[in-house]
Amino acid sequence: GESVGLHLPTLSVQEGDNSIINCAYSNSASDYFIWYKQESGKGPQFIIDIRSNMDKRQGQRVTVLLNKTVKHLSLQIAATQPGDSAVYFCAERGGTSYGKLTFGQGTILTVHP
Amino acid sequence: ETGVTQTPRHLVMGMTNKKSLKCEQHLGHNAMYWYKQSAKKPLELMFVYNFKEQTENNSVPSRFSPECPNSSHLFLHLHTLQPEDSALYLCASSQMGTGYGYTFGSGTRLTVV
């Protein structure tokens with residue numbers, strides 16, 4: 001029979017609002033986490049990363065929060081702009097610097113002018 | 001243009017054709033990856049090359065054949081593909097051992113007819 005694809009989580013916000021995108025991870029040994037942004041027709045682009053010895057890291061208009069107790073990662077985008085519309089992926093690396101990244105399924109962010 | 005270049009950007013091929021995807025990284029990284037991205041699915045790791053040696057083949061059908069002649073170049077040779085192989089094929093590179101994430105190319109959009 002026909003297979004049905006996953007429905008990606010979606011988030012719609014108004015321009016100027018703050019956006020929060022969430023990600024749950026499964027490996028308690030993961031020591032490094034990254035957020036990627038993928039615009040239509042392009043490959044994923046690095047946004048911000050955080051190591052497991054931190055619980056917060058800030059970049060330009062973006063903040064990543066890590067809660068190791070509940071294995072949760074979030075990306076906050078301040079003053080969201082239409083150019084922020086994209087699919088956002090979290091990725092985790094399990095335990096060693098040689099460990100490969102495991103990617104989440106992604107969240108579609110749509111910013112309305 | 002990112003430090004990882006993929007060609008061609010778009011490819012349409014028949015099921016009996018043979019074609020190759022090319023990836024080149026200009027970052028001095030020692031590891032390269034092929035990922036498959038299908039609609040509404042997480043990124044699927046296909047192959048990993050570390051210092052030109054294949055270290056992972058993620059149960060990929062033999063109609064996909066990777067080649068890594070040196071640490072800067074990676075190919076994916078395609079032969080007798082199926083329509084369900086239509087997807088975005090992403091190449092990435094990283095510097096294993098430094099604890100940083102991947103840099104992705106823009107991908108090749110493959111359509112099998």
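Reckoned from all heavy atoms, side chains included, excluding hydrogens, waters and symmetry mates.
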- Tell me, side chain or backbone of A:F33 under 4.5 Å from chain B's heavy atoms, or both, or neither? neither

- Contacting moiety of A:F46, where chain B heavy atoms sit under 4.5 Å: neither

- Message: I need the residue from B:R9, B:Q37, B:R109 with the largest number of non-hydrogen atom pairs under 4.5 Å to chain A.
- Response: B:Q37

- Determine the interplanar angle of the B:F104 and B:Y102 rings, folded into 0 to 90°, and report it as parallel if under 30°, tilted if 30 to 60°, perpendicular if over 60°. tilted

- Query: Between B:E44 and chain A, which part of the residue has a heavy atom less than 4.5 Å away: side chain, backbone, both or neither?
  - Reply: neither

- Item | A:Y36 and A:F103 aromatic centres sub-6.0 Å | yes

- Any chance the side chains of B:H77 and B:S20 put a donor and an acceptor closer than 3.5 Å? yes

- Item | Contact summary for B:D85 and B:K36, nearest pair of heavy atoms | CA-NZ, 4.1 Å

